[in-house]
Undergrad: 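My questions will all concern the structure given below.
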Amino acid sequence: MSASLKRKSCSAIIFVSIFFISPIKAIAAKEPIMRVLISNENKARFRADRVENIFVHGISSNHRKIKSLNLVYNNNKVKYSINNNLNEWFELPNNFHLIIRNSDKRGIWFKNRRYAGELRVLLNDKKLNIINHVKLEKYLQSVVGSEMPKEFPLSALQAQAIAARTYALKLLDKNKLFDIHSTQASQVYLGLESETVKINRAVRSTNSLALFYKNELIDAVFHSSSGGRTENSGQVWKYQLPYLKSVIDYDQNSIKYRWKNKFTSAELGKIFSDLGGVNGIQIIDKSDTGRVLKIRLHGKNGNRIISGKKLRERLQLNSTKFEVDLKFNQINLDNKLNFDNKIIDDFPPQSLPPIPVNYFLFVEGYGAGHGVGMSQWGAKSMAERGSSFRQILKHYYSGVQIKTYY
């Protein structure tokens with residue numbers, strides 16, 4: 001072999017070595033920072049853990065080491081006090097931007113919870129927005145523990161970690177002030193208290209894995225329990241997505257697989273005061289899986305057709321998969337009318353039963369949540385039967401790929 005060939009060979013070896021090393025460094029540098037809105041109120045209090053300090057940037061020219069910080073927004077002014085000295089308050093400009101950090105692994109206390117990363121505070125729409133800036137994987141350790149019981153099998157927790165990671169990545173940088181809510185409006189995030197050794201293992205063992213459909217991140221929605229079969233996305237929201245199709249669920253052991261609610265006439269009168277209460281009700285449209293799409297209500301002030309989703313919100317039901325039964329304790333016995341589930345307008349005027357003083361609405365339903373995507377209790381059952389997180393995810397999200405998001 002000639003010297004020139006040897007040099008070319010060495011160059012090739014060096015090139016290959018660099019090719020394999022540099023992406024690893026790039027991956028380590030690319031973990032996203034999630035901006036999580038954890039509060040939107042008129043007052044806030046932050047404190048360190050025990051003897052530690054918090055560092056607050058924005059209340060003076062330098063970072064200030066303090067034990068606690070109180071903020072209040074009132075009469076178009078933002079004021080703060082430090083170290084529990086509530087007798088001395090200082091005013092902040094309305095365009096302030098506070099950054100609160102510490103070097104303590106136990107995090108920063110806010111509203112009886114501890115948060116990792118840093119907390120940022122700004123004024124938006126006359127409310128103090130508290131936004132937690134935290135690395136994605138640390139964020140997920142809380143989300144998995146907040147969304148799914150820690151006792152669930154590891155592969156179910158792993159499936160939850162990947163679904164939650166995908167959901168978060170899909171929302172990253174879509175809004176100016178924050179990426180995601182800390183409530184069920186997005187996915188539940190309760191800070192450091194939700195972490196356990198098992199949950200952290202589930203997150204670490206799936207590090208960087210996300211769900212894709214044709215190389216695009218999916219809308220990885222999930223819910224507690226579907227009541228036997230998940231729902232097509234097009235029946236709940238505007239669009240039918242190819243990977244959010246109805247599939248059989250294995251959630252029969254869910255604590256909310258079957259549930260019942262009872263409402264009195266007085267309660268219905270308050271909830272539907274605009275209708276003058278409810279004395280007639282009828283389901284007029286359902287999805288293929290049995291979820292209520294439209295329902296007609298009759299009250300003293302007239303009829304109204306509303307969506308099953310709207311009725312679920314107003315009655316605070318677990319899901320839209322339900323049946324209704326209106327029971328009256330006073331019936332016109334001369335006409336022998338069965339008034340349950342009938343609408344007053346359906347009867348001839350001369351045969352209308354007298355309006356009862358007291359009556360009850362019974363609602364019997366199945367499942368909890370919107371019913372689209374992964375069922376958490378179904379994932380538990382599949383895991384207990386030996387399914388891996390990959391099998392769980394590919395069951396609930398049709399035709400998806402599981403791969404790294406970098």
Side-chain angles (χ1 to χ4, degrees), residues 27 30-32 34 136-137 139-141 143-144 147-148 152-174 179-180 184 186-188 199 201-251 254 287-289 291 367-406:
I27 287 173
K30 285 186 177 180
E31 183 178 353
M34 297 302 303
L136 173 62
E137 299 302 311
Y139 163 76
L140 291 172
Q141 289 174 357
V143 168
V144 175
E147 283 282 357
M148 185 174 275
F152 276 21
L154 180 62
S155 58
L157 294 169
Q158 289 172 318
Q160 179 67 71
I162 295 171
R165 183 182 291 112
T166 308
Y167 187 91
L169 288 168
K170 188 77 172 178
L171 293 176
L172 191 66
D173 295 328
K174 292 294 190 296
D179 300 309
I180 199 164
Q184 290 181 344
S186 297
Q187 47 192 12
V188 182
I199 287 167
R201 179 186 171 193
V203 174
R204 286 195 303 269
S205 63
T206 61
N207 182 48
S208 82
L209 293 180
L211 296 163
F212 292 81
Y213 185 84
K214 294 185 177 179
N215 293 319
E216 295 287 337
L217 286 165
I218 73 166
D219 290 317
V221 293
F222 48 86
H223 60 281
S224 176
S225 165
S226 75
R229 189 170 188 88
T230 67
E231 185 59 279
N232 291 303
S233 64
Q235 294 288 337
V236 178
W237 300 303
K238 187 175 181 180
Y239 299 107
Q240 176 58 51
L241 298 174
Y243 49 82
L244 292 178
K245 297 178 180 179
S246 175
V247 298
I248 190 171
D249 198 4
Y250 304 100
D251 64 330
S254 165
S287 71
D288 292 340
T289 67
R291 287 175 175 78
H370 49 64
V372 182
M374 187 181 74
S375 159
Q376 293 167 322
W377 278 88
K380 175 182 183 288
S381 180
M382 289 185 68
E384 289 172 340
R385 299 178 190 183
S387 296
S388 67
F389 69 81
R390 294 180 182 274
Q391 291 171 320
I392 294 170
L393 291 169
K394 290 193 173 185
H395 172 73
Y396 288 105
Y397 303 106
S398 304
V400 297
Q401 303 88 43
I402 304 169
K403 58 185 182 179
T404 60
Y405 65 84
Y406 298 110

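On a predicted model such as this, the values are computed, not experimentally measured, just so you know. Residue indices begin at 1 and follow the sequence shown.
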Undergrad: Enter the distance from Glu216:CD to Gln401:CD here, rounded to the nearest 0.5 Å.
TA: 11.0 Å
Undergrad: Shortest non-hydrogen contact from Ala161 to Val144?
TA: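 Distance-wise, the nearest heavy atoms are CA-CG2, 3.6 Å.
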Undergrad: Please name all residues satisfying ring pair (Phe, Tyr, Trp, His ring centres under 6.0 Å) with Tyr139, sequence neighbours left out, ordered by chain then number.
TA: Tyr189
Undergrad: Mind checking what makes ring pair (Phe, Tyr, Trp, His ring centres under 6.0 Å) contact with Tyr243, not counting sequence neighbours?
TA: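 So Tyr243 forms a ring pair (Phe, Tyr, Trp, His ring centres under 6.0 Å) with Tyr213.
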Undergrad: Which atoms form the tightest heavy-atom contact between Ala163 and Ala220, and what is the distance?
TA: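 Closest pair (atom of Ala163, atom of Ala220, distance): O-CB, 3.5 Å.
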Undergrad: Name all residues meeting the ring pair (Phe, Tyr, Trp, His ring centres under 6.0 Å) criterion together with Phe152; count only those two or more places apart in sequence or in a different chain, and write none if there are none.
TA: Trp377
Undergrad: For His370, what residues pass the ring pair (Phe, Tyr, Trp, His ring centres under 6.0 Å) criterion, not counting sequence neighbours?
TA: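 His370 satisfies ring pair (Phe, Tyr, Trp, His ring centres under 6.0 Å) with His223, Trp237 only.
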Undergrad: Can you list everything that forms a salt bridge (Lys or Arg N to Asp or Glu O under 4.0 Å) with Glu137? Sequence neighbours excluded, please.
TA: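 For Glu137, the residues satisfying salt bridge (Lys or Arg N to Asp or Glu O under 4.0 Å) (neighbours in sequence not counted) are Arg165.
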Undergrad: Please, which pairs that meet salt bridge (Lys or Arg N to Asp or Glu O under 4.0 Å) have at least one residue in residues 380-389, sequence neighbours excluded?
TA: Lys380-Glu384
Undergrad: How far apart are the C-alpha atoms of Leu244 and Asn232, what are their side-chain angles, what is the distance that settles it, and do they pass the side-chain contact (heavy atoms from CB on, under 4.5 Å) test?
TA: CA-CA 6 Å; Leu244 292 178; Asn232 291 303; over 6 Å; no
Undergrad: Find out whether Gln240 and Lys245 are in side-chain contact, i.e. whether some heavy atom of one side chain is under 4.5 Å from a heavy atom of the other.
TA: yes
Undergrad: Can you check whether Ile248's main-chain N or O pairs, donor with acceptor, with His395's side chain at less than 3.5 Å?
TA: yes
Undergrad: Can you name the closest pair of heavy atoms from Tyr396 and Gly373 and give their distance?
TA: CD2-O, 3.7 Å
Undergrad: Which heavy atom in Ile218 sits nearest to a heavy atom in Thr166, and how many Å separate them?
TA: O-CG2, 3.5 Å
Undergrad: Surrounding NZ of Lys174 (heavy atoms of other residues, nucleotides or ligands, distance under 6.0 Å), is the total greater than 12?
TA: yes
Undergrad: Tell me, please, which residues at least two apart from Ser226 pass side-chain hydrogen bond (donor to acceptor under 3.5 Å, both in side chains).
TA: Asp249
Undergrad: To check you understand the geometry: which heavy-atom pair defines the closest contact between Ser224 and Ser375, and what is its length?
TA: O-OG, 3.6 Å
Undergrad: Nearest 0.5 Å, please: how far is CG in Leu241 from OH in Tyr397?
TA: 12.0 Å
Undergrad: Mind checking what makes side chain to side chain contact (heavy atoms under 4.5 Å, CB included) contact with Pro32, not counting sequence neighbours?
TA: Leu136, Leu169, Leu172, Tyr405
Undergrad: With sequence neighbours left out, write down each residue that passes salt bridge (Lys or Arg N to Asp or Glu O under 4.0 Å) with Asp179, or none if nothing qualifies.
TA: Arg35
Undergrad: Which is it for Gln160 and Leu140 under the side-chain contact (heavy atoms from CB on, under 4.5 Å) test, yes or no, and what are the steps along the way?
TA: CA-CA 9 Å; Gln160 179 67 71; Leu140 291 172; over 6 Å; no
Undergrad: How long is the span from the CG atom in Asp173 to the CE atom in Met34, to the nearest 0.5 Å?
TA: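 Atom-to-atom, Asp173:CG and Met34:CE are 8.5 Å apart.
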Undergrad: Output the distance between atom NZ (Lys170) and atom CG (Leu211), rounded to the nearest 0.5 Å.
TA: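 Those atoms lie 11.5 Å apart.
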Undergrad: Could you list the residues that satisfy side chain to side chain contact (heavy atoms under 4.5 Å, CB included) with Ser388, not counting sequence neighbours?
TA: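 Counting only residues at least two positions away or on another chain, Ser388 forms a side chain to side chain contact (heavy atoms under 4.5 Å, CB included) with Arg390, Gln391.
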Undergrad: Residues in side chain to side chain contact (heavy atoms under 4.5 Å, CB included) with Tyr167, at least two apart?
TA: Leu171, Ile180, Ser186, Gln187, Val221
Undergrad: Applying side chain to side chain contact (heavy atoms under 4.5 Å, CB included), can you list everything that pairs with Thr289, at least two apart in sequence or on another chain?
TA: Arg229, Glu231, Ser246, Ser287, Arg291
Undergrad: Hey, does Ile392 have a side-chain heavy atom less than 4.5 Å from the side chain of Gln158?
TA: no
Undergrad: Are Val400 and Phe212 packed together at the side-chain level, in the sense that at least one heavy-atom pair is separated by less than 4.5 angstrom?
TA: no
Undergrad: Would you give the length of the straight line joining atom OG of Ser208 to atom CD1 of Ile162, rounded to the nearest 0.5 angstrom?
TA: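 It is 9.0 Å, given to the nearest 0.5 Å.
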Undergrad: To the nearest 0.5 Å, what is the distance between CD on Gln376 and CG on Leu157?
TA: 10.0 Å
Undergrad: Locate the shortest heavy-atom distance separating Asp251 from Gly228; write the atom from each residue and the value.
TA: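 Taking every non-hydrogen atom into account, OD1-N, 3.1 Å.
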